[in-house]
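A short worksheet on the structure shown next.
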Amino acid sequence: MTRELFGPETVVRPGKPLVVAIDGPSGSGKSSVSKEVARRLKLAYLDTGAMYRALTWYCLKTGVDLNDGAVVEQAAEDLPLEISTSPNHEYVAVGGVDITEDIREPRISSSVSAIATTMGARNELIRRQRELIDQHHHRMVVEGRDITTVVAPNAEIRMLLTASEEARLRRRGIQLGGTQSKEELAAQVIQRDAKDSTVVNFTRAADGVVTLDSSDLDFEQTVDTALEIVAKVIYGD
Ligand SMILES: Nc1ncnc2c1ncn2[C@@H]1O[C@H](COP(=O)(O)OP(=O)(O)OP(=O)(O)O)[C@@H](O)[C@H]1O
Ligand SMILES: Nc1ccn([C@H]2C[C@H](O)[C@@H](COP(=O)(O)O)O2)c(=O)n1
């Protein structure tokens with residue numbers, strides 16, 4: 001059904017805004033599912049987590065004290081960031097240096113929450129996220145932690161993608177090729193979420209936000225369910 005609705009010839013709401021906002025905890029599948037949803041809907045794609053990671057890389061590179069809010073905020077304003085908005089091409093650069101791979105390193109994952117909980121830095125990244133949405137004429141899948149509530153609360157589609165803690169730990173373990181201990185995985189998934197959720201709510205759906213629980217769904221089923229949610233809102237079927 002959704003495959004026919006969003007087949008290769010279909011352009012959904014041509015010329016009109018179509019922002020699909022997707023939030024959720026770590027390992028719930030936001031990035032992988034959002035990219036595929038963007039491909040199927042022929043929309044641009046923005047990984048806002050990559051922006052927080054890029055700022056973390058920049059602060060570590062330039063010796064910024066991550067606990068000094070004013071300096072982190074200034075770094076956010078200065079950040080010479082380039083980020084791909086294609087779901088088919090992952091690319092993040094700072095000052096012309098390709099950091100696409102570097103921002104996924106454990107040293108970034110373990111420091112990023114210090115940046116993400118600095119409100120001045122958040123405000124600057126949120127401003128840039130809204131600017132990117134504008135540049136794409138509001139036709140974009142945007143994923144993160146505060147997209148449905150803060151960055152794009154008026155998005156046409158607002159979804160909270162969740163999965164049980166057990167499923168999220170299992171998925172992240174497989175994604176990292178079984179290289180991480182139980183404790184390391186918990187630090188990257190559970191403890192990071194606990195810190196991040198002190199400043200944003202991504203565990204409970206806000207009013208008007210549809211919850212998609214993927215705990216018992218495989219990747220394809222999750223993408224299809226997300227597209228069904230889009231179809232229901234757009235076409236009412
Ligand atoms: N429904 C699903 N069933 C099984 N595996 C899935 C499902 N959804 C995503 N995955 C896999 O789980 C892993 C984690 O997904 P992904 O990186 O997209 O999560 P995320 O929510 O973006 O995490 P983070 O916020 O930490 O970046 C990936 O390897 C992805 O392919
Ligand atoms: N809109 C967002 C996006 C991300 N974050 C924070 C939370 C994470 O710890 C970090 C990296 O995100 P990930 O790549 O794991 O999705 O950035 C946020 O606070 N708000």
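Order of appearance sets the numbers: ligands from 1, and atoms from 1 within every ligand.
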If you measure every N or O of K30 against every N or O of ligand 2, does any of those distances drop under 3.5 Å?
no
My understanding is that we take every heavy atom of each candidate and find the minimum distance to atom 19 (O) of ligand 2. Doing that for E143, R122, R192, which one comes out nearest?
R122
Restricting to heavy atoms, the pick from D196, T148, I126 nearest atom 7 (C) of ligand 2 would be D196
Using modelled atom types and a 3.5 Å cut-off, is there a donor and acceptor pairing between side-chain atoms of R172 and backbone atoms of L176?
no
Have a look at ligand 2 and work out which part of [X], if any, has a heavy atom under 4.0 Å from it: side chain, backbone, both or neither.
X    : result
M51  : neither
K195 : neither
R145 : both
Q129 : neither

Atoms in ligand 2 with a heavy atom of G144 nearer than 4.0 Å:
1 (N), 3 (C)
Separation of I147 CD1 from R158 CZ (nearest 0.5 Å):
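Interatomic distance, R158 CZ to I147 CD1, rounded to 0.5 Å: 11.5 Å.
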Do me a favour and list the nearest non-hydrogen protein atom to [atom] with residue, atom name and distance?
atom                    : answer
atom 1 (N) of ligand 2  : D146 OD1, 2.8 Å
atom 3 (C) of ligand 2  : T48 OG1, 3.4 Å
atom 14 (O) of ligand 2 : R53 NE, 2.7 Å
atom 12 (O) of ligand 2 : G49 CA, 3.5 Å
atom 6 (C) of ligand 2  : A116 CB, 3.7 Å
atom 17 (O) of ligand 2 : Y52 CB, 3.5 Å
atom 10 (C) of ligand 2 : V112 CG2, 3.6 Å

Testing the 3.5 Å rule here: is there a donor-acceptor pair between the side chains of [X] and [Y]?
X    : Y    : result
E143 : S31  : yes
R204 : T211 : no
R171 : S214 : yes
D23  : T148 : yes

Could you tell me whether [X] and [Y] have a side-chain N and a carboxylate O separated by less than 4.0 Å?
X    : Y    : answer
E166 : R170 : yes
E90  : K35  : yes
R128 : E131 : no
R40  : D224 : yes

Would a single hydrophobic cluster contain both V209 and V37, if residues Ile, Leu, Val, Met, Phe, Trp and Tyr are joined by side-chain heavy-atom contacts under 4.5 Å?
no
If Ile, Leu, Val, Met, Phe, Trp and Tyr residues are connected whenever their side-chain heavy atoms lie under 4.5 Å apart, and connections chain through other members, are V230 and V19 in the same group?
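No, no single cluster joins them.
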Please report, to 0.1 Å, the donor-acceptor pairs under 3.5 Å made by any side chain of residues 77-85, with sequence neighbours excluded.
from, atom 1, to, atom 2, distance (Å)
D78, OD1, Q74, NE2, 3.0
S84, OG, S86, N, 3.1
S84, OG, H89, O, 2.5
T85, OG1, H136, NE2, 3.1

Should the pair R145 and F202 be classed as cation-pi, given the thresholds of under 6.0 Å to the six-membered ring centre and 45° from the axis?
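Yes, R145 sits over the ring of F202.
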Taking any residue with a non-hydrogen atom under 4.0 angstrom from an atom of ligand 1, which ones do you get?
P25, S26, G27, S28, G29, K30, S31, S32, R145, R171, R172, Q175, R192, L217, D218, F219, T222
With a 4.0 Å cut-off on heavy atoms, is R104 touching ligand 2?
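Right, R104 reaches ligand 2.
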